[in-house]
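Heavy-atom basis, side chains included; hydrogens, waters and symmetry copies ignored.
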Amino acid sequence: FEYKDEKSNNHQYTLVDAALVVNVPRNVDAAMASCMTRLYTTAFQAIQLGLSDMHDRYGLNQLSGKSLLVQDGDTELGRALIEL
């Protein structure tokens, strides 16, 4: 995938660690894939920032046995929160 935008400072190529890269199915275009990444990152960070104990952040079971209220669960962000 190569993105060219003559009006911005976006770079044509970016070097990242291969462990951080996810394969995108061929039937999903690059624009949709980038939106999904941003959406799920927003949902994940919203959950982490809502935790009061800093030691629980980013743990595998930080929400185990706890309740979470998701308002507007029919939106894209709401669905991402529910799925996570």
Which side-chain N or O atoms in residues 68-76 pair as donor and acceptor under 3.5 Å with protein atoms at least two apart or in another chain?
unit_1, atom_1, unit_2, atom_2, d
Thr75, OG1, Asp72, O, 2.8
Thr75, OG1, Gly78, N, 3.0

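In terms of the ring pair (Phe, Tyr, Trp, His ring centres under 6.0 Å) criterion, Tyr40 has no residue partners (sequence neighbours excluded). Under the side-chain contact (heavy atoms from CB on, under 4.5 Å) criterion, Ala43 pairs with Leu77, Ala80, Leu81, Leu84, sequence neighbours left out. By the side-chain contact (heavy atoms from CB on, under 4.5 Å) test, Asn23 is found to be paired with no residue, residues two or more places apart in sequence or in another chain being considered. Taking the side-chain contact (heavy atoms from CB on, under 4.5 Å) definition, one finds that Asn27 meets it with Pro25, sequence neighbours left out. Judged as a side-chain contact (heavy atoms from CB on, under 4.5 Å), and not counting sequence neighbours, the contacts of Met32 are Val28, Asp29, Met36.
Cluster membership for Val24 and Leu39, using ILVMFWY side-chain heavy atoms within less than 4.5 angstrom, is not shared.
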